[in-house]
Amino acid sequence: MDLADFLVEAKRRTYGSGSEPKSLDDGSKEYRVEIDEYIYRDRYFGGNPFIGEEVVFRDGKPVWSMNYYGKATGRTPDEVFSFLGKALGLVEKNKPFRGPKEYSDEPWSYSMISRGGINSFWGEEEIKYDGIRVYWLRFHGGEIDT
């Protein structure tokens, strides 16, 4: 399994699946997935807004990471984050950062733009409801040389 395949599987098993994260002693919440030699940790603070970091370890060493910050700005956060989970479950191998380039389930729509590839990237995503932006998130990351 390569890194991109692992990221897709890990993201589909965590936020993209609707599963609940584990609450940690420092007030953060964390998703964790282990497959073969890989471990995925997605740890975040807050609720709305929120900030977090994903780290992938291979054979016990960090090899990839992504930081993100986002906020629901309209509707109820529960509604927005429920739709976000559906979009994130559609993560694609060619851009395994967040969700697909576009996803729609009227009146909801999700879009993600990014620059770069798995080794160095940045981007943002947004959700609209009836054409009005109700959520945004910015992210960046890439490979880690250890």
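Residue numbers run from 1 in the order of the sequence given.
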| query | For the residue pair Trp136 and Tyr69, is the inter-centroid distance of their aromatic rings smaller than 6.0 Å? | reply | yes
| What closest approach, in Å, do Pro62 and Val55 show between heavy atoms, and which atom pair accounts for it? | CB-CG1, 4.1 Å
| field | Distance in Å, Glu124 CD paired with Leu137 CG, rounded so as to fall on 0.5 Å steps | value | 9.0 Å
| task | In sequence, state the C-alpha distance, the side-chain angles, and the governing distance for Glu30 and Ser28, and then conclude on side-chain hydrogen bond (donor to acceptor under 3.5 Å, both in side chains). | result | CA-CA 7 Å; Glu30 181 181 64; Ser28 68; over 6 Å; no
| query | Quick one: does NZ or CZ of Arg43 land under 6.0 Å from the six-membered ring centre of Tyr31, within 45 degrees of the ring axis? | reply | no
| query | Does any N or O in the side chain of Glu9 come within less than 3.5 Å of the main-chain N or O of Phe6, such that one atom is a donor and the other an acceptor? | reply | no
| request: For residues Ala87 and Pro100, report the shortest heavy-atom separation together with the two atoms involved. | output: O-CD, 3.2 Å
| Side chains of Lys11 and Tyr40: closer than 4.5 Å at any heavy-atom pair? | yes
| query | How about Phe121 and Trp64: are their ring centres within less than 6.0 Å of each other? | reply | yes
| Between Ser65 and Glu54, is there a donor-acceptor pair closer than 3.5 Å when you use the side chain of the first and the backbone of the second? | yes
| said: Quick one, Met112 and Lys101 - any side-chain contact, counting heavy atoms below 4.5 Å? | reply: no
| query | Can the ring centres of Phe83 and Tyr135 be said to be less than 6.0 Å apart? | reply | no
| task | First locate atom NZ of Lys128, then atom CG of Asp130, and finally report the distance between them rounded to the nearest 0.5 Å. | result | 12.0 Å
| request: Hey, could you give me the NZ/CD1 distance between Lys93 and Ile118, rounded to the nearest 0.5 Å? | output: 9.0 Å
| task | Could you grab the distance from atom CH2 of Trp122 to atom CZ of Phe139, nearest 0.5 Å is fine? | result | 9.0 Å
| field | Partner of Val56 under side-chain contact (heavy atoms from CB on, under 4.5 Å), chosen from Leu7, Asp42, Val33 | value | Leu7
| field | Pairwise distance OG(Ser114) to NZ(Lys95) - rounded to 0.5 angstrom | value | 3.5 Å
| said: I need the minimum non-hydrogen distance between Pro77 and Ala72, along with the two atoms involved. | reply: CA-CB, 4.2 Å
| message | Closer than 3.5 angstrom, by distance alone: can the side chain of Asp2 be matched with the main-chain N or O of Asp5 as a donor-acceptor pair? | response | yes
| request: Report the residues that fulfil side chain to side chain donor-acceptor pair (under 3.5 Å) with Arg138, sequence neighbours left out, ordered by chain and then residue number. | output: none
| said: Could you check whether any side-chain N or O of Arg12 sits under 3.5 Å from a backbone N or O of Val91, counting only pairs where one atom can act as donor and the other as acceptor? | reply: yes
| Under the 3.5 angstrom rule, does the side chain of Ser104 hit a backbone N or O of Ser109 as a donor-acceptor pair? | no
| request: Report yes if the side chains of Leu84 and Tyr15 come closer than 4.5 Å at any heavy-atom pair, otherwise no. | output: yes
| field | Path from Met1 to Leu3 over hydrophobic side-chain contacts below 4.5 Å | value | yes
| query | Counting distance only, does the side-chain N/O of Tyr129 pair as donor-acceptor with the main-chain N or O of Arg75 below 3.5 Å? | reply | no
| query | Would you say the side chain of Asp145 lies within less than 4.5 Å of the side chain of Glu143, judging by non-hydrogen atoms? | reply | no
| said: A side-chain contact here means heavy atoms from C-beta on lying under 4.5 Å apart; do Tyr38 and Asp59 qualify? | reply: no
| message | Would you say the ring centers of Phe81 and Phe50 fall short of 6.0 Å from each other? | response | yes
| query | Are the side chains of Tyr68 and Glu53 in touch, meaning some heavy atoms are under 4.5 Å apart? | reply | no
| side chain to side chain contact (heavy atoms under 4.5 Å, CB included) between Ile35 and Arg13, intermediate numbers included | CA-CA 11 Å; Ile35 303 173; Arg13 289 187 186 189; 3.7 Å; yes
| said: Taking Val134's backbone N and O only, do any of them form a donor-acceptor pair with Lys71's side chain (distance below 3.5 Å, no angle check)? | reply: no
| message | For Thr14, is there any backbone N or O sitting under 3.5 Å from a side-chain donor or acceptor partner on Ser17? | response | yes
| Verdict with reasoning, Asp105 to Lys86, per side chain to side chain contact (heavy atoms under 4.5 Å, CB included) | CA-CA 10 Å; Asp105 185 7; Lys86 293 176 187 177; 4.1 Å; yes
| field | Derivation of the side-chain hydrogen bond (donor to acceptor under 3.5 Å, both in side chains) call for Glu79 and Ser82 | value | CA-CA 5 Å; Glu79 288 179 299; Ser82 175; over 6 Å; no
| remark: d(Asn48 CG, Thr76 OG1) to nearest 0.5 Å is 10.0 Å
| field | Minimum side-chain heavy-atom gap Met66-Arg98 below 4.5 Å | value | yes
| query | Short question: side chain of Lys29, backbone of Glu20 - any donor-acceptor pair under 3.5 Å? | reply | no
